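One structure below.
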Amino acid sequence: MEIADLPVPPDLAAGYARRGITELYPPQAACVEAGLFSGKNLLVAIPTASGKTLVAEMAMHHQVARGGKCLYIVPLRALASEKFEEFSGKGLRVGIATGDFDRRDEYLGRNDIIVATSEKVDSLLRNRTPWLAEISLLVVDEVHLIDDPSRGATVEMVIAKLRHKNPGMQIIALSATIGNPADLAGWLDAELVESEWRPVDLREGVFFEDGIRFADSVREVERKSKYEDLDLVLDTVTEGGQCLVFVSSRKNAEAFAKRAASGLKIANPILAGYADKIRSSASTDMGKILAACVAQGAAFHHAGLSREERQLVEAGFREGQIKVISSTPTLAAGLNLPARRVIVRDYLRFNAGEGMMPIPVREYRQMAGRAGRPRLDPYGEAVLIAKSEEMVDELFDYYIEAMAEDVRSRCAEEAVLCTHILSLIATGFARERGEVLGFMDGTFYAHQGESPRALKRAVDRVLEFLREAEMITEVGEWLEATEYGSLVSRLYIDPRSAEVIVNAMTRQKEYTDIGFLHLLCATPDMPTLFVRKNDMYALDRFLADHRDELWMEIPWDADEGFDRSLKTALLLADWGDEVGEDVICERYSVGPGDVYGMVESVAWLVHASRHLAGLFAPHLKAPIEEMELRTKHGIKKELLPLIRIRGIGRVRARRLFNNGIDSIEALREAGPEKVGKVLGQGIAAQVFEQLDGVRDEIGGVGEEQSTLSRFG
DNA sequence: TTCCGCAGTTTGTAGACAGCATGTC
DNA sequence: CTACAAACTGCGGAA
């Protein structure tokens, strides 16, 4: 099927033609035949890299040409920016909305295409964003994530809410191959387009002893070492390809990268350049190890890496310099980083409470699908590693020839239901129990015919909880969100977190940093650190001295949840005490990426707490507001006045302070020359430009508005 | 005495969304 | 309560 014959804008078609795309892949053609351009809903269940994005893009351009507006939902921020870049510059106005990264937020609604994470869309719905009613085409990427226990319900509810709001809206759902696509298509009233077709041939096999067994052939692999995984990598690299190795833990990823580095021993100036960049920005041991590996053409990738480290590793691999990345599942679902050979080394993964469990077939497919770069590799290979002859057949049965798992709704799980039911009531989607149940009737859960009684019971328990917490109340025959409930819904925190926070705040008489942080860390919205055996001593010692500063009682026979929140709180307290990132990483055995993630999470909860304090504990508002700034910047109290100025962060503020400049006043007194000596002339000039502006503002606006006057 | 290899024992275990209001080194 | 690999420990033998 020729693109030129399709009802897409000529500019778009011309753009494709310039990139050599003139004809549709078979599954894409199937989408057109299924009614892509005639407003039909579609469920497109085809492998990664077989052109799903193009299908969506054509539909969006077609839609906009007819006066429509499109919303493209993705599960990850990184994916959002990837799609934003991809859709931009092709004649339409494109906007992006994620938690950390709002470009053109204010004018978001003016765009033709808006790319957003599912949580962000949910939040926009809760805040009654008007332009959502104008969406005429909804694209849901990776819709199989509906099955995710913690985040799946959000995807499902967002789809249900938008359909409820915009009955005529076209839906295009993009999915990996799943076991029950017809089921999902049925719920969406969608035509099903299913295919196994791929632009690059994918061979899946199992390695044992000295060869990869494919379904109909064997590929010999030279054994150079005692490590199967290493030999598999060397085999591909000597052939001119790159490898991705998926392993089960960070430690494994690092260990393998070291092994691969000494096995590859590549050395060239470009790699040395990457290694230098990583080394110079890295203050942690992990960063140094990474740099040493990269210098020899290998790297590891997991969530402990800083943004910069991640970017450098990804860039080096894309460029073809880094030959192998060993990775935890970060790379499986995230960015588009294909390699000729994918080695799924660890197909067992630790699950809390269950021990080592085989990873799902869908996840194996996700990783295997990364094999083979379109137009660059002659083929892609996905290899599992067997430990025994019998395992070869087992792995073939369990993964390569297996059906993908069914997707199941996760809506009825009480923990997530809680937040979604509150939002239904707070935004007026449902005004009484019957309407809540009626709305839930339009979900995938109900469509799947899973026990309606279980759902009803769960809904009743949730309503009871929300009523008891006074987040909802009865007004006549209607249910309404209280001010508290509506705030919790808009803040987008788990109602259970809000309860934990509010209960402690109303009981507590004295504010302490560690007490407050510990409280937030004990909340279900906060990710917590793993407690190792040798942490116990330090935690006990801290408790011995500071038990009375905590807001939450710690029973002597506390389970590990308390330890985890305490350890996490201590990390965050260190962060607020300007303890260096390297020291924190070492002390808590985490990477810079973890610190960043935890600071981000707690900053969000501190922010929410400030609003909650405004309602329930006004006396805590001031200290919490102070804490909000301190966590955000990672500074001690004494630097608060200084970071008010644009261009001054934790490092420059500290430098000023140590030079005796501790306030706005002191800055003025010191004058541009002295400040210039401390910070450099350029920045000093910038600072004083602002100081003059600020003075005018204070005069005009008055005490209340000016935070500057309060701190300075 | 020191070093090495081996076998048995202990230890630790993936990821990442959301608010708000603008700018780190 | 599940399972695995890396890190650690202790032992014996060689240098």
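Fair warning: this is a prediction, and the values are worked out from it, not measured in the lab.
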Worksheet item: For the side chain to side chain donor-acceptor pair (under 3.5 Å) test, which of A:K636, A:R654, A:H633 pairs with A:E578?
Response: A:R654
Fill in: Nucleotide opposite B:dG23 in a Watson-Crick or G-U pair, distances under 3.5 Å
none
Practice prompt. Could you check how far CE of A:M526 sits from C1' of B:dG15, rounded to whole Å?
Written response: 15 Å
Worksheet item: How close or far is atom C1' of B:dC25 from atom CZ of A:R655, stated in whole angstroms?
Response: 8 Å
Worksheet, complete the sentence: note: A:H633, atom NE2; B:dT22, atom C1'; distance rounded to Å ~ 10 Å
Discussion item. Does B:dT13 have its OP1 or OP2 closer than 4.0 Å to a side-chain nitrogen or oxygen of A:R532?
Written reply: yes
Practice prompt. Mind checking A:E628 for me? I need base, sugar-phosphate or nothing, with any heavy atom below 4.0 Å counting as a touch.
Written response: base
Fill in: Whole angstrom value for the distance that separates C1' of B:dT22 from CD1 of A:I645
15 Å
Discussion item. Give me each pair satisfying salt bridge (charged side-chain N to carboxylate O under 4.0 Å, His left out) with a member in residues 150-159 of chain A, each pair once, sequence neighbours excluded.
Written reply: A:E119-A:R151
Worksheet item: Is there a donor-acceptor contact under 3.5 Å from the side chain of A:E228 to the main chain of A:I385?
Response: no
Item to complete: Identify the nucleotide, in any strand shown, that forms a Watson-Crick or G-U wobble pair with B:dA18, with both distances under 3.5 Å; if there is none, say none.
Response: none
Item to complete: Assess A:R650 against A:W575: is NZ or CZ under 6.0 Å from the centre of the six-membered ring, and within 45 degrees of the ring's axis?
Response: yes
Fill in: A:S248 vs B:dT13: side-chain N/O to OP1/OP2 distance below 4.0 Å
no
Worksheet item: So, A:K251 and A:E254, do they make that salt bridge, N to O below 4.0 Å?
Response: no
Worksheet item: When rounded to the nearest Å, what value does the distance between C1' atoms of C:dC4 and B:dA14 take?
Response: 15 Å
Worksheet item: Hey, is the side chain of A:N534 poking within less than 4.0 Å of OP1 or OP2 on B:dT11, counting only N and O atoms?
Response: no
Fill in: Rounded distance in Å - CE (A:M536) to P (B:dT10)
19 Å
Worksheet item: Could you state the interatomic distance from CZ (A:F317) to NE2 (A:H301), rounded to the nearest 0.5 Å?
Response: 10.5 Å
Show me the donor-acceptor pairs within less than 3.5 Å that the side chains of residues 579-587 of chain A make with the rest of the protein, sequence neighbours left out.
residue : atom : partner : partner atom : Å
A:R587  : NH1  : A:D574  : OD2          : 2.7

Every protein N/O within reach of nucleotides 16-18 of chain B N/O, cut-off under 3.5 Å:
residue : atom : partner : partner atom : Å
B:dC17  : OP1  : A:R77   : N            : 3.0
B:dC17  : O4'  : A:R151  : NE           : 3.4
B:dC17  : O4'  : A:R151  : NH2          : 3.2
B:dC17  : O3'  : A:T117  : OG1          : 3.4
B:dA18  : OP1  : A:G99   : N            : 2.7
B:dA18  : OP1  : A:T117  : OG1          : 2.6
B:dA18  : OP2  : A:R77   : NE           : 2.8
B:dA18  : OP2  : A:R77   : NH2          : 3.0
B:dA18  : OP2  : A:G99   : N            : 3.4
B:dA18  : N6   : A:S601  : OG           : 3.4

Discussion item. If we count only N and O atoms by modelled type, under 3.5 Å, do the side chains of A:K161 and A:T427 hold a donor and an acceptor together?
Written reply: no
Worksheet item: Within the side chain of A:T523, is there an N or O that forms a donor-acceptor pair under 3.5 Å with the backbone of A:D525?
Response: no
Response to the item:
So salt bridge (charged side-chain N to carboxylate O under 4.0 Å, His left out) across residues 593-602 of chain A, not counting sequence neighbours, yields A:R77-A:E600, A:R250-A:D594
Fill in: Nearest-Å distance for atom pair CD1/C1', residues A:I493 and B:dC20
14 Å
Item to complete: Could you provide the dot-bracket string of DNA chain C, using ( ) for intrastrand pairs, [ ] for crossing pairs and | for bases paired to another strand, with Watson-Crick or G-U pairs below 3.5 Å?
Response: ..|||||||||||||
Worksheet item: Where the side chain of A:R564 meets the backbone of A:T528, is there a donor-acceptor pair that is under 3.5 Å apart?
Response: yes
Worksheet item: Do any side-chain nitrogens or oxygens of A:R646 fall under 4.0 Å of OP1 or OP2 in B:dG23?
Response: yes
Response to the item:
In A:V606, A:L620, A:L572, the residue satisfying side-chain contact (heavy atoms from CB on, under 4.5 Å) with A:F516 is A:V606
Fill in: Side-chain donor or acceptor of A:S497 paired with backbone N/O of A:I493 under 3.5 Å
no
Item to complete: Scan nucleotides 1-6 of chain C nucleotide by nucleotide, 5' to 3', and note B when protein non-hydrogen atoms come under 4.0 Å of the base, S if they reach only the sugar-phosphate, - if neither.
Response: BBBSSS
Practice prompt. Would you mind classifying the nucleic acid contact of A:H611 as base, sugar-phosphate or nothing, using non-hydrogen atoms under 4.0 angstrom?
Written response: nothing
Practice prompt. Take the protein atom CZ of A:R307 and the nucleotide atom C1' of B:dC25, then report the distance between them rounded to whole Å.
Written response: 16 Å
Item to complete: Can you tell me the distance, in whole Å, between the NZ atom of A:K632 and the P atom of B:dG19?
Response: 13 Å
Worksheet item: Just checking A:L605: base, sugar-phosphate only, or nothing, at a heavy-atom cut-off of under 4.0 Å?
Response: nothing
